[in-house]
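For the numbers below, each heavy atom of this structure counts, side chains included, while hydrogens, waters and symmetry mates do not.
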Amino acid sequence: FFFQAEDGIRDAQESRGLGDVYKRQGEYDEALKYYKKCLAVRELNYGTIHIETSKTYNNMGVLFYYQKKYDSALKFARKGLQIQEIKLGKNHVDTAVAYGNIGLIYLTMEQSNKVDKGIQLLNLSISILVEKLGANHPNVVFFTSKRDEFLNNRNS
């Protein structure tokens with residue numbers, strides 16, 4: 001059993017890596033195939049409420065975001081976030097990044113009822129990240145610039 005689990009974990013890592021490569025190349029359908037394989041292996045080996053499983057949900061959320069499939073992006077990003085809140089807590093850096101990613105999805109959807117929620121999540125993300133990493137950390141700069149860019153475009 002131990003060797004099967006190790007092989008499964010290795011398969012998940014390889015599948016995630018291949019998914020990442022295909023995503024960077026813009027081959028989203030191929031990337032999704034590998035992310036789904038990774039998710040199946042991680043759920044089997046770790047369970048559905050595990051941080052490794054949440055990472056796969058987050059990767060799939062990003063992939064759907066790139067495809068402009070915002071409802072699917074939101075669905076998978078939320079699944080990842082739920083696990084992170086349980087396993088890491090609401091003030092963890094990875095959870096803060098998830099808040100920021102979901103905030104960006106909401107802003108991109110440009111539905112008036114989603115924009116305020118997007119700004120709230122970005123502000124929460126930035127607040128946690130500044131506290132944990134400092135104001136000059138690349139994640140802080142990224143989420144701050146995306147929020148400010150959106151607000152500037154909205155107000156002009």
J.: Using a 3.5 Å distance criterion without hydrogens, assess whether the side chain of Thr95 forms a donor-acceptor pair with backbone atoms of Asn91.
T.: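 Checking the backbone N and O of Asn91 against the side chain of Thr95, no donor-acceptor pair under 3.5 Å is found.
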J.: Taking the six-membered ring for Trp, are Tyr34 and Tyr22 closer than 6.0 Å centroid to centroid?
T.: yes
J.: More than 12 foreign heavy atoms under 6.0 Å from CG of Asn136: is that the case here?
T.: no
J.: With no hydrogens and no angle check, do the side chains of Tyr57 and Gln84 hold a donor and an acceptor under 3.5 Å apart?
T.: no
J.: Got Ser145 and Asp148 here, is their nearest side-chain heavy-atom distance under 4.5 Å?
T.: no
J.: Looking at Tyr99, is its backbone amide N or carbonyl O close enough to the side chain of Ser125 to form a donor-acceptor pair, meaning the two atoms are under 3.5 Å apart?
T.: no
J.: Less than 6.0 angstrom separating the ring centers of Tyr70 and Tyr65, yes or no?
T.: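 Between Tyr65 and Tyr70, which both carry aromatic rings, the centre distance is below 6.0 Å.
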J.: Between Ile128 and Leu124, is any pair of side-chain heavy atoms under 4.5 Å apart?
T.: yes
J.: Are the side chains of Arg42 and Lys55 in touch, meaning some heavy atoms are under 4.5 Å apart?
T.: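 Counting from C-beta outward, Arg42 and Lys55 do come under 4.5 Å.
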J.: Counting C-beta onward and ignoring hydrogens, is there a side-chain heavy-atom pair between Val97 and Leu129 closer than 4.5 Å?
T.: yes
J.: For a 4.5 angstrom cut-off between non-hydrogen side-chain atoms, does Leu32 reach Met60?
T.: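 Yes, their side chains come closer than 4.5 Å.
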J.: Report yes or no: does Ser127 contribute a side-chain atom to a donor-acceptor pair with the main-chain N or O of Asn123 at less than 3.5 Å?
T.: no
